[in-house]
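Bear in mind the structure is a predicted one, so any value in this text is a computation, not a measurement.
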Amino acid sequence: MKWIEMIRLIGQDDSHQTVDGLIVSEKNLIREQGALNAGVYANPFYANDLCLYFLWDTNNPQLRGSRAGLNISETLKGFGLVEHSVWVPRKQILYACY
């Protein structure tokens with residue numbers, strides 16, 4: 001099943017260097033089993049509003065997030081507000097919980 005892991009950071013002014021360092025780490029996630037893609041998006045209106053995403057294809061989604069995603073999320077908490085969530089295709093949401 002394909003699923004998306006999203007980590008959003010609404011950071012302070014100096015958070016860009018830290019996130020840039022995590023981008024390098026995030027590229028290493030591609031080597032993890034089930035990882036298909038990863039990337040970083042920025043809000044065009046607010047420079048410190050960033051979103052890291054990871055696309056996974058595993059037998060079952062990790063409903064609380066991947067180990068790597070949880071580690072990145074914890075690290076980012078020191079730089080601002082963090083939202084960490086997992087998304088599954090709507091048509092498969094009933095099956096993801098089992």
* Can you name the closest pair of heavy atoms from A42 and L50 and give their distance? -> CB-CD2, 3.6 Å

* Student check: side-chain heavy atoms of I72 and F54 closer than 4.5 Å -> yes

* Structure fact -> Between M6 and C51 the two heavy atoms that sit nearest each other are CG-SG, 3.2 Å

* Give me the one residue out of T58, L63, N60 that meets side-chain contact (heavy atoms from CB on, under 4.5 Å) with W3. => T58

* **Residue pairs involving residues 48-73 (criterion salt bridge (charged side-chain N to carboxylate O under 4.0 Å, His left out); sequence neighbours excluded)** => R8-D49

* Asked: Atom CH2 in W56, atom OG in S66: separation rounded to 0.5 Å?
  -> 4.0 Å

* Are the side chain of S73 and the backbone of G69 linked by a donor-acceptor contact shorter than 3.5 Å? -> no

* To do: Could you note down all residue pairs passing salt bridge (charged side-chain N to carboxylate O under 4.0 Å, His left out) where residues 68-83 supplies at least one of them, sequence neighbours left out?
  => E74-K77

* To the nearest 0.5 Å, what is the distance between CG (N37) and CG (L55)? -> 6.0 Å

* Could you give the distance from CG (N71) to CD1 (I7), rounded to the nearest 0.5 Å? -> 9.5 Å

* Taking all non-hydrogen atoms of both residues, which atom of G65 and which atom of E5 are closest, and how far apart? -> CA-OE2, 3.3 Å

* Separation of L52 CG from L76 CG (nearest 0.5 Å) -> 6.5 Å

* When rounded to the nearest 0.5 angstrom, what is the spacing between CZ in F79 and CG in N48? -> 12.0 Å

* **side chain to side chain contact (heavy atoms under 4.5 Å, CB included) between Q62 and V86, worked out** => CA-CA 8 Å; Q62 297 178 16; V86 171; 6.0 Å; no

